[in-house]
Amino acid sequence: MEDSLIKVFPTALYKSNIGRNFNDSENKFLNSQETRNGYEKKYSKDNQILDKKEMALIKKFIQIKLENYLELVYSPKNKIEIYITESWCNYSKKGNSHSPHLHCNSFLSGTLLIEELEKDSIIVWTNKIQRNLFLETNKFNEFNSEELEIPFNKGDLIIFPSDLKHSVPVNNEDKLRLSLSFNSYIKGKINSRELSKLNI
């Protein structure tokens with residue numbers, strides 16, 4: 001029998017691309033938002049960006065992908081609706097970054113990259129598994145890495161469990177990195193088993 005490595009309880013990230021250029025109305029809307037200062041970057045004051053008429057096509061694309069994730073990863077027995085609760089823009093100028101964080105009070109979260117950097121834009125994901133022994137390694141892989149970088153290009157959408165910690169490195173370019181982020185939640189008959197019943 002051949003030796004093998006078995007992956008146990010992996011975390012699923014869903015990556016897709018919108019497959020088109022953002023139109024003039026979308027670009028104008030996304031680039032003209034009033035902003036508020038965050039710790040390391042600026043955010044849109046509006047936290048319901050995807051509810052605006054200019055965002056209708058983008059919201060439809062994201063909604064389809066959220067439903068795909070739910071079906072592919074969870075395969076719910078009952079009819080479950082997933083819906084977007086918040087959505088906002090991130091404006092990262094030179095020197096800005098996103099420190100490691102997760103999204104509270106949310107089921108699935110996601111980010112759509114609107115304006116990328118000249119060099120690779122990436123999101124850094126932090127391993128959920130906490131280790132008490134750290135061995136020096138000659139070669140990092142998905143089993144021994146504390147962090148994993150995933151390239152992120154214009155039009156890319158990444159959907160992830162909201163409790164998965166992630167960050168974005170410092171923007172070292174004289175160019176704005178613009179992304180649209182969102183949170184979501186679910187409603188319906190979550191579970192009908194005794195002592196685990198939940199209907200929301």
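Computed from heavy atoms alone, side chains included, the values below leave out hydrogens, waters and symmetry copies. Nothing here was measured: the structure is a model prediction, and the numbers come from that model.
- Side chains of N37 and K42: a donor on one and an acceptor on the other come within 3.5 Å.
- Of all the heavy atoms in L72 and S75, the pair that sits closest is O-OG, 4.3 Å.
- Across every non-hydrogen atom of N171 and R177, the tightest pair is ND2-N, 4.0 Å.
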Intermediate values then yes/no, side-chain contact (heavy atoms from CB on, under 4.5 Å), S44 and Y91: CA-CA 8 Å; S44 60; Y91 301 92; 4.3 Å; yes
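- No hydrogens or angles considered: a donor-acceptor pair under 3.5 Å links the side chains of T111 and S181.
- Between the side chain of N141 and the main chain of N144, a donor-acceptor pair closer than 3.5 Å is present.
- With Q63 as the fixed residue, the side chain to side chain donor-acceptor pair (under 3.5 Å) test singles out one of E67, K59, K60: E67.
- Judged by distance alone, the side chain of K52 and the main-chain N or O of Q48 form a donor-acceptor pair under 3.5 Å.
- With rounding to the nearest 0.5 Å, the separation of CD in E71 from CG in L66 is 13.5 Å.
- Interatomic distance, K41 NZ to L178 CG, rounded to the nearest 0.5 Å: 11.0 Å.
- In this structure a side-chain-to-backbone donor-acceptor pair under 3.5 Å is missing from T126 to H166.
- With rounding to the nearest 0.5 angstrom, the SG atom of C89 is 7.0 Å from the CD1 atom of I114.
- For K28, the NZ atom counts as loosely surrounded, since its 6.0 Å shell holds 12 or fewer non-hydrogen atoms of other residues, nucleotides or ligands.
- Of the possible donor and acceptor atoms, one in the side chain of N27 sits under 3.5 Å from a partner among the backbone N and O of F22.
- Separating the CG atom in D174 from the NZ atom in K94 is a distance of 4.0 Å, to the nearest 0.5 Å.
- F61 is not connected to I158 by any chain of hydrophobic side-chain contacts under 4.5 Å among Ile, Leu, Val, Met, Phe, Trp and Tyr, and they are in different clusters.
- S145 approaches N127 most closely through the heavy-atom pair O-ND2, 3.1 Å.
- Taking the six-membered ring for Trp and thresholds of 30 and 60 degrees, Y74 and F107 have ring planes inclined between 30 and 60 degrees apart.
- A perpendicular orientation is assigned to the rings of F160 and H103, their planes being inclined by more than 60° (bins at 30° and 60°).
- In terms of hydrophobic clustering, with Ile, Leu, Val, Met, Phe, Trp and Tyr side chains grouped at heavy-atom distances under 4.5 Å, L157 and I18 are assigned to a common cluster.
- The local environment of CG in L5 is sparse, with at most 12 non-hydrogen atoms from other residues, nucleotides or ligands closer than 6.0 Å.
- By the criterion of side-chain heavy atoms lying less than 4.5 angstrom apart, applied directly or through intervening Ile, Leu, Val, Met, Phe, Trp or Tyr residues, I82 is grouped together with V73 in one hydrophobic cluster.
- The neighbour count for E81 CD, taken as heavy atoms of other residues, nucleotides or ligands under 6.0 Å away, is above 12.
- Linking ILVMFWY side-chain heavy atoms closer than 4.5 Å, directly or via other members, places L164 and Y14 in two distinct hydrophobic clusters.
- Applying the 6.0 Å contact sphere to CZ of F29 captures more than 12 heavy atoms from other residues, nucleotides or ligands.
- L112 is not connected to V124 by any chain of hydrophobic side-chain contacts under 4.5 Å among Ile, Leu, Val, Met, Phe, Trp and Tyr, and they are in different clusters.
- Within the 3.5 Å criterion, the main-chain N or O of S106 finds no donor-acceptor partner in the side chain of N183.
- Remark: R20 CZ is packed, more than 12 non-hydrogen atoms of other residues, nucleotides or ligands lying under 6.0 Å away.
- Within 6.0 Å of CG on N105 lie no more than 12 heavy atoms contributed by other residues, nucleotides or ligands.
- Remark: the backbone N or O of E118 is paired with a side-chain donor or acceptor of E173 at under 3.5 angstrom.
- With contacts defined as side-chain heavy-atom distances shorter than 4.5 Å, the pair I200/Y185 qualifies.
- In plain terms, the two heavy atoms of K15 and P151 that are nearest each other are NZ-O, 2.7 Å.
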Evaluation steps, side-chain contact (heavy atoms from CB on, under 4.5 Å), between L148 and E142: CA-CA 8 Å; L148 177 65; E142 60 191 294; 6.0 Å; no
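- A salt bridge links K154 to E115: one of the charged nitrogens lies within less than 4.0 Å of a carboxylate oxygen.
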Audit row: I58, L50, side-chain contact (heavy atoms from CB on, under 4.5 Å) steps and yes/no: CA-CA 8 Å; I58 290 176; L50 287 171; 3.9 Å; yes
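- Considering only heavy atoms from C-beta on, D163 comes within 4.5 Å of K128 through its side chain.
- Under the 3.5 Å distance criterion, with hydrogens and angles disregarded, a donor-acceptor pair is assigned to the side chains of S179 and N90.
- Contact detail for F152 and L113: the closest heavy-atom pair is O-CD2, 3.2 Å.
- Open room surrounds CG on D24; 12 or fewer heavy atoms of other groups in view lie less than 6.0 Å from it.
- Note that OH of Y83 is 9.0 Å distant from OG of S184, once rounded to the nearest 0.5 Å.
- Proximity of a side-chain donor or acceptor of N23 to a complementary backbone N or O of E26 within less than 3.5 Å is detected.
- Atom NZ of residue K189 and atom NZ of residue K79 lie 13.5 Å apart, to the nearest 0.5 angstrom.
- Taking each heavy atom of S162 and L108 in turn, the nearest pair found is OG-C, 3.1 Å.
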Worked check of side-chain contact (heavy atoms from CB on, under 4.5 Å) between I123 and I150: CA-CA 6 Å; I123 297 180; I150 294 182; 5.5 Å; no
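- Side-chain contact between I159 and F182: present, with at least one pair of heavy atoms (C-beta onward) separated by less than 4.5 Å.
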